[in-house]
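Everything below concerns the one structure shown next.
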Amino acid sequence: MSRSVVIPLSRYFAGGLCLRGGSLTSLDLCLWLAAVSGTLALVDEPDESGLTMRDHWITARGDAAPVWIAGPVLLQATGQRGYALLERSFERLAEARVSIGLHGPADAHRLWHGWEATPVSKEDPIDRGVVSGMMLSQAMIEGDPHPVAVKLSAMAAFRSRFSALIYLRALGWMAGAGTPKAWSRTKPGPRVTVTVPIGDLHRALGTDSLAMVGDWNAKCFGPGGRGGPVHEDLATAGIRLKTEWLTGAAGYGTRQVPTGLRITVSTIAGAERRPLPRRPRQSSSSSISASSRP
């Protein structure tokens with residue numbers, strides 16, 4: 001399937017998702033977003049008790065939200081030819097722990113809990129999976145005036161495991177997702193610059209897997225931070241990335257040490273633009289149904 005997959009996503013989720021434990025590749029995150037893509041744009045109406053689907057997810061024991069998952073969408077979004085090729089990605093999703101927010105400690109959640117019965121397959125192309133209700137509620141575009149359009153097909157092909165998180169950050173920043181006051185930033189729009197203190201780099205870029213400047217350059221930004229695999233990955237999704245390390249004197253001496261990272265993201269002129277999918281309305285009678293197939 002060659003047609004690209006573009007989904008709507010809350011800018012708050014894009015701008016605040018952080019990996020807190022386990023490993024998570026760009027393909028894995030693409031897979032999770034593809035799995036929940038049918039739910040993200042629902043207009044969530046309250047049921048007879050006055051609670052919405054999001055209310056039930058957030059208060060559910062075990063942070064578990066059962067959702068219908070369309071297998072063909074998983075294959076199309078990830079570019080994989082068979083469901084067996086997705087098994088390891090689902091395993092990594094189950095092992096990973098993530099949080100939302102940049103302003104301090106936050107609870108960690110599992111993105112993926114597993115299948116209710118059997119995984120999707122050729123025989124059962126649509127089935128129910130169990131995901132984090134908290135993460136799903138944060139990712140939904142309900143109430144977000146400026147959701148972002150995520151190109152899942154491009155994300156799945158990223159070479160660096162760190163590119164997907166930085167790609168989401170770029171989309172969130174350009175759409176106006178908030179950042180801590182200690183970070184200098186320009187106004188939202190097609191070009192945004194965010195300057196991050198060195199101690200906040202793990203929150204700004206969504207992972208604490210890389211600690212030293214040399215690690216970031218080797219794995220993400222290239223020699224001197226002037227261009228590496230993450231820059232190349234984001235370009236394939238229509239985002240130009242520029243990174244510049246800032247330095248300052250150490251103590252009372254003259255030795256210069258890294259003090260921060262200036263990150264500029266902008267849309268590439270001529271890059272494909274797709275409108276966000278229309279938001280289907282979820283009726284109150286079916287908003288929290290857990291037994292009937294759509």
In a check of side-chain hydrogen bond (donor to acceptor under 3.5 Å, both in side chains) between Thr264 and each of Thr243, Thr193, Thr195, which one passes? Thr193
Under a 4.5 Å side-chain heavy-atom rule over Ile, Leu, Val, Met, Phe, Trp and Tyr, are Tyr12 and Met174 clustered together? no
Side chain of Asp144, backbone of Arg11: donor and acceptor closer than 3.5 Å? yes
Presence of salt bridge, Arg54 and Glu142, under 4.0 angstrom: no
Any side-chain heavy-atom pair of Val213 and Pro258 under 4.5 Å: yes
Would a distance-only check, ignoring hydrogens and angles, find a side-chain to backbone donor-acceptor pair under 3.5 Å from Asp47 to Gly50? yes
Do Met140 and Leu42 come within less than 4.5 Å of each other through their side chains, counting heavy atoms only? yes
Between atom CH2 of Trp32 and atom CE of Met135, what is the distance when rounded to the nearest 0.5 Å? 7.5 Å
If you take all heavy atoms of Ser23 and Ala96, which pair is closest and at what distance? O-CB, 4.0 Å
Judged by atom type as modelled, is there a donor-acceptor pair below 3.5 Å linking the side chain of His231 to the main-chain atoms of Gly228? yes
Look up atom CG in Leu74 and atom SG in Cys30, then write down how far apart they are to the nearest 0.5 Å. 9.0 Å
Test item: Leu40 and Leu136 side chains (from C-beta on) under 4.5 Å apart, heavy atoms: yes
For Ser160, does its backbone N or O pair with a side-chain atom of Ser26 as donor and acceptor, under 3.5 Å? yes
Test Leu171 against Val150 for side-chain contact (heavy atoms from CB on, under 4.5 Å), laying out the working first. CA-CA 8 Å; Leu171 294 176; Val150 181; 3.9 Å; yes
Step by step, work out the side-chain contact (heavy atoms from CB on, under 4.5 Å) result for Leu31 and Leu152. CA-CA 8 Å; Leu31 177 64; Leu152 291 188; over 6 Å; no
Please name the pair of heavy atoms, one in Arg92 and one in Asp28, separated by the smallest distance, quoted to 0.1 Å. NE-OD2, 2.6 Å
How close do Gln138 and Phe13 get, heavy atom to heavy atom, and via which atoms? O-CB, 3.6 Å
Is the backbone of Ile126 close enough, under 3.5 Å, to the side chain of Asp124 for a donor and an acceptor to pair up by distance? no
Student check: side-chain heavy atoms of Lys187 and Val192 closer than 4.5 Å: no
I'd like to know whether the aromatic ring centres of Trp115 and Phe90 sit less than 6.0 Å apart in this structure. yes
Which label fits Phe162 and Trp216: parallel for a plane angle under 30°, tilted from 30 to 60°, or perpendicular past 60°? tilted
Same cluster (ILVMFWY, side-chain, under 4.5 Å), Leu24 and Val130: no
Ignoring hydrogens and geometry, is there a side-chain-to-backbone donor-acceptor pair from Thr247 to Val257 under 3.5 Å? no
Quick check: closest heavy atoms across Ser4 and Gln76, and the distance to 0.1 Å? O-NE2, 4.2 Å
side-chain contact (heavy atoms from CB on, under 4.5 Å) evaluation trace for Leu168 with Leu9: CA-CA 9 Å; Leu168 293 184; Leu9 184 68; 3.9 Å; yes
Listed once per pair and sorted, the ring-ring contact (aromatic ring centres under 6.0 Å, His included) pairs that draw on residues 169-211, sequence neighbours left out: none
Are the side chains of Leu17 and Leu29 in contact, using a 4.5 Å heavy-atom criterion? yes
Could you give the distance from NZ (Lys151) to CG (Leu234), rounded to the nearest 0.5 Å? 11.0 Å
Establish, from distance only, whether the side-chain atoms of Gln80 and Thr78 form a donor-acceptor pair under 3.5 Å. no
Salt bridge or not between Arg88 and Glu95? Use side-chain N to carboxylate O under 4.0 Å. yes
Tell me whether Leu27 shares a hydrophobic cluster with Ile7, the cluster being built from Ile, Leu, Val, Met, Phe, Trp, Tyr side chains joined at under 4.5 Å. no
If you look at every heavy atom in Ala170 and Val265, which pair is closest and at what distance? CB-CG1, 3.6 Å
Donor-acceptor pair, Arg161 side chain versus Phe158 backbone, under 3.5 Å? no
Mind listing the closest non-hydrogen atom pair of Pro180 and Leu102 along with its distance? CG-O, 3.7 Å
Report yes if the side chains of Ile198 and Thr259 come closer than 4.5 Å at any heavy-atom pair, otherwise no. no
Under 3.5 Å, which donor-acceptor pairs link side chains of residues 105-113 to any protein atom two or more places apart or in another chain?
residue	atom	partner	partner atom	Å
His109	ND1	Asp63	OD2	3.0
Arg110	NH2	Trp112	O	3.3
His113	NE2	Asp63	O	3.4

What is the distance from atom OG of Ser137 to atom CG of Asp55, rounded to the nearest 0.5 Å? 9.0 Å
Do Tyr167 and Met155 have side-chain heavy atoms sitting under 4.5 Å apart? yes
Spacing of Asn217 atom CG and Met212 atom CE [to the nearest 0.5 Å]: 11.5 Å
Nearest 0.5 Å, what's the NE2-OG distance between His56 and Ser49? 4.5 Å
Just so I know, are the side chains of Lys219 and Leu210 near enough to count as touching, which here means a heavy-atom distance under 4.5 Å? yes
Got a sec, which residues hit side-chain hydrogen bond (donor to acceptor under 3.5 Å, both in side chains) with Ser184, two or more places apart in sequence or on another chain? none
Whether Asp233 side chain and Val230 backbone form a donor-acceptor pair below 3.5 Å: no
